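What follows is one structure encoded as structure tokens, with my remarks underneath.
The structure displayed is predicted, hence computed values, not measured ones. Proteins come first, then strands; the chains are lettered A, B, ... in the order of their sequence lines, and each starts at number 1.
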Amino acid sequence: MSAPMPGDADFVKQESVYGRLPLLPDEREYDTRGAHATNFAFAVATWCFLTGGYVAQYVGAVQGMVALIAGSVLGCFLTTMPLALASQRYGIEQIDYCKSAFGQKGSRILLVFYLINQLGWTGLILVMFGNGVRNTVIGLGYEPPGWIVGAGVALGIWIVYLLVTRGIHLMNVTNSYVGPGLMIISVVMFVLLLRDYGWSEIVAAEPLDPFEEPWLNYVIVVELAIAGGISWFGGVGFLARNTTTRRNAVYPEMLHLGLGMGLVCCVGLFSSLVLRTSDPTEWLIPIAGAVMGMVALLFVAVANITSSAISVYASGLALRHLEVLRVRPWWHVVLWSLVPCMPFVFWPAELEGMGSNFLAYNGTLYAPVVGILFADFVFVRRQRLNVRAVFDDDPRAEYYYTKGFHWPALICMILGQAIYFALLDPLSYESHPLFLYLTASLPACVVPGIVYAIWLKLRPRERLALPARGEPLTQPNI
Amino acid sequence: MSRKTDEASHDRREEILHEELERRLAFLEEEDDSVFGEFTTRDWVLCTLLFFVLPLLALGVMAL
């Protein structure tokens with residue numbers, strides 16, 4: 001061990017904030033207020049309005065409201081409990097946490113899912129930011145050129161880059177202003193909707209483009225809502241890792257990412273139903289008037305940026321798992337995180353049109369993973385990790401399993417995805433009759449979780465818990 | 001010459017990182033759960049009822 005040198009402390013700080021070093025309690029940014037503000041700002045982005053718009057295609061206000069709120073809370077619960085509790089207790093990044101169930105190399109499969117999820121959402125939100133730019137120009141009385149949405153996406157990418165490379169503290173400060181502002185706007189929008197149209201007109205509004213069978217429409221919406229809740233997989237561990245207490249990790253996530261998202265989705269649903277458009281940036285000005293509508297648009301645009309920044313930050317941390325990016329400067333990693341968003345600059349409308357399929361696809365990807373993580377953390381490990389093994393690539397280490405893969409988890413994940421596809425095709429929405437009673441995400445989550453728990457009960461892990469507590473790592477993978 | 005300096009710097013960084021990781025792991029292993037805040041059985045029951053059972057009931061009732 002060599003003597004500390006000037007600059008070492010800065011390097012360590014950089015590696016904890018921008019790298020994978022476990023965060024210690026005094027380094028964590030989110031106390032109760034910070035956790036609520038950040039979760040709220042993360043939850044209340046235009047993806048809520050977008051989801052509300054998608055739901056308006058299939059069902060009316062009352063069915064949509066119940067399905068959105070209950071479904072998103074349910075999905076969020078399944079995702080939050082294992083990821084938030086583990087990431088908070090051990091201060092680890094969530095792909096690191098997933099190694100306990102999937103193995104050192106198996107977790108890299110999840111990394112692919114994770115990046116698809118994070119960057120897909122980021123791209124969609126940035127398109128809404130671009131739409132906001134376009135509609136602001138229209139609101140000012142100008143005729144915008146066709147490329148303005150793509151230019152808006154490019155501008156959004158640049159602002160996100162600036163924000164993310166300046167660290168989590170700036171994002172925390174931004175969120176503490178954006179969160180309350182958005183809450184006010186959502187409430188005002190809802191009040192204006194009620195004033196201008198009345199509850200009876202909202203309730204009476206027909207869905208925009210439903211299937212013939214009403215029951216199918218309802219279950220599709222439940223499915224989208226559960227998938228929306230589950231798709232927080234990309235953010236919950238990252239947010240929880242930065243919280244000071246376990247309750248600060250769980251309750252703000254459930255209240256904002258689950259319940260809050262469901263409620264704000266309803267504002268999007270109601271607006272889309274009465275104004276007959278699913279694009280939120282198109283209905284803000286008609287509902288709120290030119291001045292108030294522009295202010296609302298501006299706030300939503302800022303919120304899009306902060307939400308995107310959190311997603312990109314989390315993606316950057318996840319990309320640290322790749323050998324080639326492990327020791328690169330943070331701004332390199334952020335750039336690589338933003339590259340997959342570039343298609344949204346060139347084909348914003350086409351990619352935006354695939355949003356509801358993307359939402360359902362999240363359910364396909366994550367439902368089995370979430371079920372396995374829940375079973376593993378809660379029932380198999382009793383909420384205890386061998387945190388040392390997370391960072392050890394020694395083949396004898398507890399989470400190295402078989403050549404880096406934990407096959408029971410991977411097989412159960414494939415089983416869950418097979419169940420999902422047997423029940424619902426997320427692209428065409430063709431479904432099995434059982435889908436009408438079970439949804440697709442719930443069985444694809446619960447069945448693999450149960451099979452995994454039984455599998456490990458019947459064939460318990462024979463590996464020793466290496467490295468033992470206090471024993472030095474033999475092949476550290478940081 | 002420059003390459004040697006880069007390699008030395010890289011090695012030094014790796015060394016710091018590993019030492020720091022060991023220090024942090026020791027802390028996380030030794031500290032009691034209370035340092036990270038409590039999440040008791042009561043919290044689990046509350047969360048399960050509010051965020052799992054209740055939504056399922058609501059979805060079921062709406063379906064009827």
Side-chain angles (χ1 to χ4, degrees), chain A residues 1-2 4-5 8 11-12 15-16 19-25 62-63 66-67 69-74 76-78 80-81 85 88-92 215 218-219 222 243-251 254 258-259 327 378 383 386-388 390-391 437 439 442 469-470 472-473 476 478, chain B:
Chain A
M1 191 180 288
S2 50
M5 291 168 64
D8 284 1
F11 171 64
V12 166
E15 286 300 316
S16 59
R20 291 172 41 231
L21 277 177
L23 280 182
L24 299 180
V62 175
Q63 273 195 332
V66 172
I69 295 173
S72 72
V73 167
L74 195 57
C76 192
F77 171 80
L78 294 169
T80 292
M81 299 311 276
L85 288 171
Q88 196 279 339
R89 171 61 181 82
Y90 297 102
I92 51 178
W215 180 241
Y218 174 67
V219 184
V222 172
T243 54
T244 49
T245 69
R246 307 185 90 190
R247 285 178 180 145
N248 280 344
V250 171
Y251 287 107
M254 287 310 309
L259 184 62
V327 291
V378 179
Q383 302 183 59
N386 178 355
V387 66
R388 202 164 275 277
V390 168
F391 293 95
Y437 304 96
T439 74
L442 279 184
R469 198 176 161 122
L473 302 170
I478 190 77
Chain B
M1 182 72 178
S2 165
R3 177 178 280 185
K4 275 190 178 172
T5 314
D6 284 351
E7 280 176 8
S9 165
H10 180 265
D11 291 347
R12 170 72 188 145
R13 285 173 166 241
E14 290 276 297
E15 188 189 348
I16 296 169
L17 213 48
H18 294 165
E19 282 171 13
E20 184 60 23
L21 178 61
E22 289 286 359
R23 186 181 78 81
R24 286 169 185 246
L25 292 177
F27 176 89
L28 290 164
E29 285 172 334
E30 283 164 16
E31 285 302 318
D32 188 70
D33 276 353
S34 59
V35 172
F36 303 92
E38 286 192 327
F39 199 82
T40 60
T41 308
R42 189 181 291 182
D43 290 297
W44 267 100
V45 171
L46 185 67
C47 284
T48 307
L49 287 177
L50 280 180
F51 306 133
F52 187 72
V53 177
L54 193 63
L56 272 181
L57 285 175
L59 289 173
V61 168
M62 193 71 223
L64 299 175

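Proximity to chain B is limited to the side chain of A/L442, based on heavy atoms less than 4.5 angstrom apart. In this structure, no portion of A/L259 lies under 4.5 Å from any heavy atom of chain B. Using a 4.5 Å cut-off between heavy atoms, B/L46 contacts chain A through its side chain alone, with no backbone atom that close. Neither the backbone nor the side chain of A/V390 comes within contact range of chain B; no heavy atom of the residue lies under 4.5 Å from a heavy atom of that chain.
Of all the heavy atoms in A/T245 and B/G37, the pair that sits closest is CB-CA, 4.0 Å. When every heavy atom of A/L21 is checked against every heavy atom of B/E20, the shortest pair comes out as CD1-CG, 3.8 Å. Residues B/L25 and A/R388 come closest through the heavy atom pair CB-NH2, 3.6 Å. In terms of heavy atoms, B/L59 sits closest to A/A67 at CD2-CA, 3.8 Å. The two residues B/A58 and A/V66 make their nearest non-hydrogen contact at O-CG1, 3.8 Å.
With contacts defined as side-chain heavy-atom distances shorter than 4.5 Å, the pair A/P476/B/L17 does not qualify. No side-chain heavy atom of B/D43 sits under 4.5 Å from any side-chain heavy atom of A/V250. Counting only heavy atoms from C-beta outward, the side chains of B/W44 and A/M81 approach each other to under 4.5 Å. No side-chain heavy atom of B/E38 sits under 4.5 Å from any side-chain heavy atom of A/R246. Contact of the B/F36 side chain with the A/P25 side chain is registered, since non-hydrogen atoms from C-beta on lie closer than 4.5 Å. For the pair B/E19 and A/V12, the minimum side-chain heavy-atom distance is 4.5 Å or more.
Crowding of B/E29 atom CD: a count of heavy atoms from other residues, nucleotides or ligands under 6.0 Å exceeding 12.
Between atom CZ of residue B/R24 and atom CZ of residue A/F391 there is a gap of 10.0 Å, rounded to the nearest 0.5 Å. How far OH of A/Y251 is from CZ of B/F51: 7.0 Å, rounded to the nearest 0.5 Å. Taking CZ from A/R89 and CG from B/L28, the interatomic distance works out to 6.5 Å, rounded to the nearest 0.5 Å.
Most heavy-atom pairs under 4.5 Å with chain B: of the set A/T243, A/L85, A/V219, A/V378, this distinction falls to A/L85. Between chain B and the options A/A249, A/A70, A/C76, heavy-atom pairs under 4.5 Å are most frequent for A/A70.
Remark: B/F52 engages A/F77 in a ring pair (Phe, Tyr, Trp, His ring centres under 6.0 Å) (not counting sequence neighbours). For B/E31, there are no side-chain hydrogen bond (donor to acceptor under 3.5 Å, both in side chains) partners two or more places apart in sequence or in a different chain.
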